[in-house]
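This chain uses plain numbering: 1 for the first residue, then up along the sequence.
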Amino acid sequence: MKAKSDIPIYNQSSEAIGGIQIVKSSLQGMDYPPEKMGAHRDEFYVFFVLTKGNVVMLCDNIAVELNEIGIGFIKPFQVHAAKHISNNTTGYFISIAPFLVPDACLEIFQPLQISEQGKKIDPLFQDDFLNLVSLLHNSFEKQKQSKPQIINGLFNALIYEIANLFQSSERTIPKPRNQSTVISTNFKKLISKSNFLESPSFFAKKLNISASHLTDCVNASTGKPTTYWLQNAMIIEAQRLLYYTENDVKEIAFSLGFKDHSYFSRMFKKLTHETPLAFRKKFRK
């Protein structure tokens, strides 16, 4: 766990396999009142699949309610806390490392307003969807050959199913957003793998604002500076290349725009606390 001001930031659990963790849970057995779950941020995506009960989460001070059978998610670094969890609540908690979420799914998840981050699953799709979630959970719990590959394959099927659920949801009337949120959102939309090595002033110019104003807005909205989000975009792309390709570190560094592959390796280790090869080995074990 790392702290930013007085809002804790949590890393993904060490129990995750290849950047994926799924836990089947219920209120019974919890050793703390769920209503006392403090506000915090996570460095990863969190998906909740509610099979029974009622849950109300506060996400950036906006209530997101889930009822059976429903699904909700929290984006990385959104401040969230449990406001209410009914005594009969059961479901699945799924955490996903950001680099594993395909761009096609990100294009659906990222624009959604907080009020759209929770929804009831259409009864027509409930059985098939829950069977897929259950299959992923069972594969996560059992010891078998090629376990990481099986989990990754099932996850890919599940994340596209989740994206389809949210893509088909009826869009609500947009709520007014403050200037910091609007500027931060537009800034992150501008970041791509072809420009994440640019300076914050490059993006400020495109948004017709000063670099200092951009930094202030992004900090206020996300709790992180502009440089973090640029480095984060680079790291996610690097992690994808390390995970999904057999390219060596030198090739990956050059494809990302680095002229010095050793500098890329040092930066990767500084930001992730492990070398590129250690990351590849860990997530492929």
Side-chain angles (χ1 to χ4, degrees), residues 1-23 25 37-49 57-62 64 72-82 92-103 105-106 108-110 112 114 117 140 148 151-152 155 158-159 162-163 181 184-185 187-189 191 193 196 215 218-244 256 267-276 278-285:
M1 183 192 80
K2 297 181 290 184
K4 175 73 176 179
S5 300
D6 57 347
I7 302 176
I9 300 177
Y10 292 98
N11 300 317
Q12 192 175 34
S13 169
S14 59
E15 295 179 0
I17 297 175
I20 301 167
Q21 183 184 23
I22 178 168
V23 177
S25 61
M37 287 173 62
H40 64 281
R41 305 179 196 261
D42 294 317
E43 289 191 332
F44 45 88
Y45 277 91
V46 176
F47 292 89
F48 304 97
V49 178
M57 296 289 295
L58 280 181
C59 184
D60 289 337
N61 292 319
I62 296 176
V64 178
F73 73 95
I74 304 294
K75 302 173 189 177
F77 295 101
Q78 285 185 318
V79 180
H80 58 284
Y92 297 88
F93 168 95
I94 309 170
S95 74
I96 305 297
F99 78 90
L100 288 173
V101 181
D103 288 337
C105 298
L106 289 176
I108 294 171
F109 299 145
Q110 288 300 331
L112 291 175
I114 294 172
Q117 288 177 213
F140 191 89
I151 289 173
N152 187 265
F155 160 73
L158 179 62
I159 197 67
I162 293 173
T181 301
S184 178
T185 299
F187 163 67
K188 287 194 278 187
K189 285 181 180 178
I191 300 174
K193 61 183 177 182
F196 48 57
T215 297
V218 173
N219 255 321
S221 177
T222 69
K224 292 284 186 179
T226 51
T227 51
Y228 167 83
W229 291 107
L230 293 172
Q231 292 172 344
N232 183 66
M234 182 275 292
I235 287 296
I236 287 176
E237 186 62 22
Q239 289 173 331
R240 286 174 174 171
L241 293 172
L242 287 163
Y243 187 83
Y244 289 109
L256 293 173
M267 178 176 282
F268 188 97
K269 185 174 182 180
K270 178 181 177 182
L271 297 174
T272 67
H273 308 293
E274 58 190 356
T275 66
F279 168 87
R280 173 175 275 171
K281 183 178 179 180
K282 180 179 75 174
F283 280 91
R284 288 185 174 184
K285 65 183 179 180

Are side-chain heavy atoms of [X] and [Y] found at a separation under 4.5 Å?
X: Tyr45; Y: Leu106; value: yes
X: Phe48; Y: Phe93; value: yes
X: Leu241; Y: Leu256; value: yes
X: Phe73; Y: Ile162; value: no
X: Phe47; Y: Phe109; value: yes
X: His80; Y: His40; value: yes
X: Met234; Y: Phe268; value: no
X: Ile191; Y: Asn232; value: no

Mind checking what makes side-chain hydrogen bond (donor to acceptor under 3.5 Å, both in side chains) contact with [X], not counting sequence neighbours?
X: Asn152; answer: Asn156, Tyr243
X: Ser95; answer: Gln12
X: Asp103; answer: Arg240

Between Tyr92 and Phe140, is a ring pair (Phe, Tyr, Trp, His ring centres under 6.0 Å) present by the stated rule, with each step listed?
CA-CA 12 Å; Tyr92 297 88; Phe140 191 89; over 10 Å; no
Check step by step if side chain to side chain contact (heavy atoms under 4.5 Å, CB included) holds for Glu43 and Tyr10.
CA-CA 6 Å; Glu43 289 191 332; Tyr10 292 98; over 6 Å; no
Kindly indicate, with the supporting measurements, whether the criterion side chain to side chain contact (heavy atoms under 4.5 Å, CB included) is fulfilled by Ile94 and Leu158.
CA-CA 11 Å; Ile94 309 170; Leu158 179 62; 4.0 Å; yes
Applying side chain to side chain contact (heavy atoms under 4.5 Å, CB included), run through His273 and Asn11 and close with a yes or a no.
CA-CA 12 Å; His273 308 293; Asn11 300 317; over 6 Å; no
Is the Lys NZ or Arg CZ of Lys188 less than 6.0 Å from the centre of Trp229's six-membered ring, within 45° of the axis?
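Satisfied, under 6.0 Å and within 45°.
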Got a second to check how far [X]'s [atom1] is from [Y]'s [atom2], nearest 0.5 Å?
X: Leu242; Y: Glu237; atom1: CG; atom2: CD; result: 10.5 Å
X: Ile17; Y: Ile22; atom1: CD1; atom2: CD1; result: 11.0 Å
X: Ser14; Y: Lys282; atom1: OG; atom2: NZ; result: 9.5 Å
X: Lys270; Y: Gln231; atom1: NZ; atom2: CD; result: 7.0 Å
X: Ile151; Y: Ile20; atom1: CD1; atom2: CD1; result: 6.5 Å
X: Lys75; Y: Ile114; atom1: NZ; atom2: CD1; result: 7.5 Å

Could you check whether any side-chain N or O of Gln117 sits under 3.5 Å from a backbone N or O of Gly72, counting only pairs where one atom can act as donor and the other as acceptor?
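It does not hold such a pair.
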Determine the minimum heavy-atom distance between [X] and [Y], stating which atoms define it.
X: Cys105; Y: Ala163; result: SG-CB, 3.9 Å
X: Ile74; Y: Cys59; result: CD1-SG, 4.0 Å
X: Val218; Y: Thr222; result: O-OG1, 2.7 Å
X: Ile96; Y: Leu100; result: CG2-CB, 4.0 Å

Hey, can you tell me if Phe279 and Phe99 have their rings parallel, tilted or perpendicular (30° and 60° cut-offs)?
perpendicular
